[in-house]
Amino acid sequence: LEKIRRGYSTVPPQGESIKDVEKRVIAFLDDLLVICKEFRVNVALSAHGNSMRPIRRYFEKLSIKEMMHLENPWDKVFEYKLDI
């Protein structure tokens, strides 16, 4: 379980690795930021823990190792302000 939970490239049975999730998350965030810049809008995201790790890595400039040790609290909101 620890290898699946903390393994960046480890694929759980019938699932996807955090590395695979990160590819989708980064593509989504790149597209979202283009829209935010073009239309000057704010957005709110809600995500599952395995999607939150790459989101936080993206905005907090974390290493893979740092990202894989994140614990996402249930009672916290992460706010990121960007200059666009």
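What you see below is based on every heavy atom in this structure, not just the backbone, and it leaves out hydrogens, waters and symmetry mates. Every value quoted in this text rests on a predicted model; they were computed, and no experiment measured them.
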- prompt: Where is the tightest heavy-atom contact between Ala47 and Ile55, given as atom of each residue plus distance?
  reply: CB-CD1, 4.0 Å
field: Lys19 to Ser9 - nearest heavy-atom pair and separation
entry: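 For Lys19 versus Ser9, the nearest heavy atoms are CD-OG, 3.8 Å.
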Does [X] reach the side chain of [Y], with side-chain heavy atoms less than 4.5 Å apart?
X: Pro54; Y: Ile26; answer: no
X: Met67; Y: Tyr8; answer: yes
X: Phe78; Y: Pro73; answer: yes
X: Asn72; Y: Arg56; answer: yes

message: With a sphere of 6.0 Å drawn around CG of Asp30, does it hold more than 12 non-hydrogen atoms of other residues, nucleotides or ligands?
response: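 Yes, enclosed.
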field: Contact list for residues 72-84, test salt bridge (charged side-chain N to carboxylate O under 4.0 Å, His left out), sequence neighbours left out
entry: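 Counting only pairs at least two positions apart or across chains, the salt bridge (charged side-chain N to carboxylate O under 4.0 Å, His left out) contacts touching residues 72-84 are Glu79-Lys81.
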query: Quick one: salt bridge (charged side-chain N to carboxylate O under 4.0 Å, His left out) pairs with a partner in residues 9-18, sequence neighbours left out?
result: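 Every pair satisfying salt bridge (charged side-chain N to carboxylate O under 4.0 Å, His left out) with a residue in residues 9-18: Glu16-Arg24.
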query: So which pairs with a foot in residues 42-62 pass ring pair (Phe, Tyr, Trp, His ring centres under 6.0 Å), sequence neighbours left out?
result: Phe59-Tyr80
List the atom pairs, with distances to 0.1 Å, where a side-chain N or O of residues 31-38 and a protein N or O form a donor-acceptor pair under 3.5 Å, not counting sequence neighbours.
none

- prompt: When rounded to the nearest 0.5 angstrom, what distance separates CZ in Arg53 from CD1 in Ile18?
  reply: 5.0 Å
message: Just verifying a value: how many Å separate Asn50 CG and Ser17 OG, rounded to the nearest 0.5 Å?
response: 10.0 Å
message: If the condition is side chain to side chain donor-acceptor pair (under 3.5 Å), which residues does Arg57 pass it with, not counting sequence neighbours?
response: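 In terms of side chain to side chain donor-acceptor pair (under 3.5 Å), with neighbours along the sequence ignored, Arg57 is linked to Glu22.
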message: Suppose we screen for side chain to side chain donor-acceptor pair (under 3.5 Å). Which residues come up paired with Ser46, at least two apart in sequence or across chains?
response: none
task: Mind checking salt bridge (Lys or Arg N to Asp or Glu O under 4.0 Å) for Lys61 and listing every partner two or more places apart, or none if nothing turns up?
output: none
